[in-house]
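All heavy atoms count here, side chains included; hydrogens, waters and symmetry mates do not. Numbers for residues simply follow the sequence, beginning at 1.
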Amino acid sequence: MKSKWTLIISTIFLLVSCSSEPVTYRVIPVKTYVDKMKAGWIGQMAGVGWGAPTEFLYNSTIIPEENVPDWKPEMINQFNQDDIYVEMTFLRTLEQYGYDVDIRQAGIDFANSGYMLWHANKAGRDNLRSGIAPPWSGHPEYNSHADDIDYQIEADYAGLISPGLPQAVVDLGELFGRLMNYGDGLYGGQFVAGMYAEAFFETDIEKIIQAGLACIPKESAYTEAIRDVIGWYHENPENWQVAWDKIETKYQDNPENRKFSCSGPDSDFNIDAKINGAYIVMGLLYGQGDLDKTIVISMRCGQDSDCNPSNAAGVLATIIGASNLPDNYTSALDLEPKFSYTEYNFNSLTKVCEKLARDAVLRYGGRIEENGKGEEVFVIPVRNPKLSKLEKCWEPNPAPANVSFTENEMAQIQFHSRKPEEFIHIWEVSKPYTKKGVEPDDLLDIAFEPERNIDAVVWKQIPMGEKGYSRWLVELDKFIKGENRVAYIRNEIWSETDLDVVMELGSDDGVKVWINGKLIHTNNIFRGCNAGEDKVPVHLNAGWNTCMMKISQGTGGWAAAVNIVDENKEAIKSLKYRRP
């Protein structure tokens with residue numbers, strides 16, 4: 001690779017007057033930086049566009065070679081992919097407020113984003129909208145997805161505006177990664193961004209991976225996963241599937257390495273940052289500098305098989321540079337459309353990145369000069385970063401008593417969610433029910449045993465707020481497994497008087513609700529769980545009232561969220577809840 005992509009990059013040594021230690025500087029022409037930064041975005045678009053048809057269709061299994069989609073040049077135009085445009089929210093915050101922006105302002109901007117989100121991103125944004133300020137919006141006490149892949153997916157921006165600046169990578173993770181992640185979930189993004197930052201200067205893949213590891217705590221489980229992959233690669237450099245089997249055994253099948261897995265330690269579905277980060281590195285190592293091969297291997301590893309090749313291809317494309325990319329990745333690129341939910345098309349995006357990179361170079365002790373050819377160059381000091389503290393989502397540091405935005409800050413947030421304590425958090429679940437050959441939308445209308453005799457079945461407590469479970473979201477996909485089925489949840493609600501209220505609920509997928517044995521609501525639908533999406537009038541009798549819900553499951557997530565409000569949409573604090 002070195003002979004193919006050698007850069008005209010000089011290294012100069014200067015002696016800092018206040019120190020006896022020499023400071024090493026690396027120099028890159030600004031036009032070379034821009035060419036590589038553009039390639040990084042193209043690589044992301046290629047990886048996500050090629051892998052998108054396979055996303056989470058192959059979990060705990062390798063994608064068969066014959067099921068890999070064919071690449072077509074027009075697939076490069078990925079302007080509607082959340083794996084691309086979410087990170088542009090962070091670029092916009094930096095563009096508007098600069099690098100000194102407070103994390104709380106970053107949180108307000110993310111809370112005001114209008115796109116759909118999932119997993120850690122969604123939980124983090126819901127927390128922000130409910131008044132939980134960052135970094136606590138990403139803390140495991142409030143975010144049961146804190147170890148998920150989300151910041152890893154969207155951290156490419158941080159490396160692309162931080163050429164040779166690992167401290168900038170770490171700091172940007174602390175600013176934006178903590179909106180939704182913690183521990184390994186944060187480190188995954190810092191690792192990916194660290195690889196991008198080094199890819200402006202280095203062509204050796206292993207050295208680039210080591211540079212990414214230098215941006216995260218060496219004692220972290222994430223570091224262990226990446227070092228494992230490097231070791232397994234050296235044991236079998238010609239057969240990536242042997243290494244895949246070892247990853248599967250340790251990071252998919254071993255519960256010790258899935259302690260905070262949002263889908264539970266036994267699920268085939270695994271969106272944990274560690275295993276998906278391992279698949280990024282698999283593509284980079286076994287791809288051997290070939291962009292097609294890198295994308296396909298990272299994709300065929302499965303799980304998040306569009307995001308992982310997007311990260312891998314972005315790093316490799318940054319090494320290569322846009323001017324050296326194969327034509328099948330650039331010939332159909334449309335420069336005019338805006339990325340969804342942003343003000344940026346490709347050209348304006350790269351101009352903003354160049355501006356922010358200039359700011360970063362100066363901020364982190366570098367210079368912008370002219371070389372002997374009259375070209376602008378970045379002169380960048382080589383320095384080891386001060387790392388984020390070591391954290392574990394399954395053993396988090398305690399959150400403080402006050403994690404809230406101020407009233408003035410909340411007034412700047414356009415969309416608001418309920419606070420976690422306003423949701424019903426006491427539930428029992430009865431085992432999942434299914435019928436061979438019957439689809440979930442039909443299962444919702446089949447009366448299983450709990451509908452015939454609610455007390456004749458076994459009910460188990462859902463440990464909400466414990467052991468990584470959400471405090472407000474009933475995460476059925478973590479507690480019970482499977483697809484094409486339904487489950488029942490129940491509790492009892494106490495009211496001091498007869499009371500007319502509104503039940504606000506979200507479900508993934510369809511839902512039925514019974515109060516005191518009477519069916520009061522049905523919504524047979526395939527959807528993600530968005531709190532408050534259904535608003536159901538409910539009459540509560542004085543005393544204890546039985547509540548039972550039936551939630552259908554097709555594929556993917558399986559969850560419910562319920563809160564009860566008065567006619568003014570205020571949470572009713574006088575209600576009490578218990579297990580029957």
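Relative orientation of the Tyr488 and Phe448 rings is perpendicular, given thresholds of 30° and 60° on the angle between their planes. Trp472 and Phe423 have tilted rings, their planes meeting at an angle from 30° to 60° on a 0 to 90° scale.
Under 3.5 Å, the side chains of Asp441 and Asn524 contain no donor-acceptor pair of N or O atoms. Side-chain atoms of Asn311 and Asp156 include a donor-acceptor pair closer than 3.5 Å. Judged purely by distance below 3.5 Å, without hydrogens or angles, the side chains of Ser507 and Arg527 pair a donor atom with an acceptor atom. In summary, the side chains of Gln252 and Asn270 do present a donor paired with an acceptor at a separation below 3.5 Å, with no hydrogens or angles considered. In summary, the side chains of Gln152 and Tyr222 do present a donor paired with an acceptor at a separation below 3.5 Å, with no hydrogens or angles considered. No side-chain donor-acceptor contact under 3.5 Å links Ser263 and Asp477. Checked by atom type, the side-chain pair Thr89/Ser113 shows no donor-acceptor distance below 3.5 Å. No hydrogens or angles considered: a donor-acceptor pair under 3.5 Å links the side chains of Tyr329 and Asp292. Side-chain N/O atoms of Asp534 and Asn523 include a donor and acceptor closer than 3.5 Å.
With salt bridges taken as basic N to acidic carboxylate O contacts below 4.0 Å, one links Lys550 and Glu451. In this structure, Lys512 pairs ionically with Asp445, as a charged nitrogen and a carboxylate oxygen lie closer than 4.0 Å.
The distance between the ring centers of Phe56 and His119 does not fall below 6.0 angstrom.
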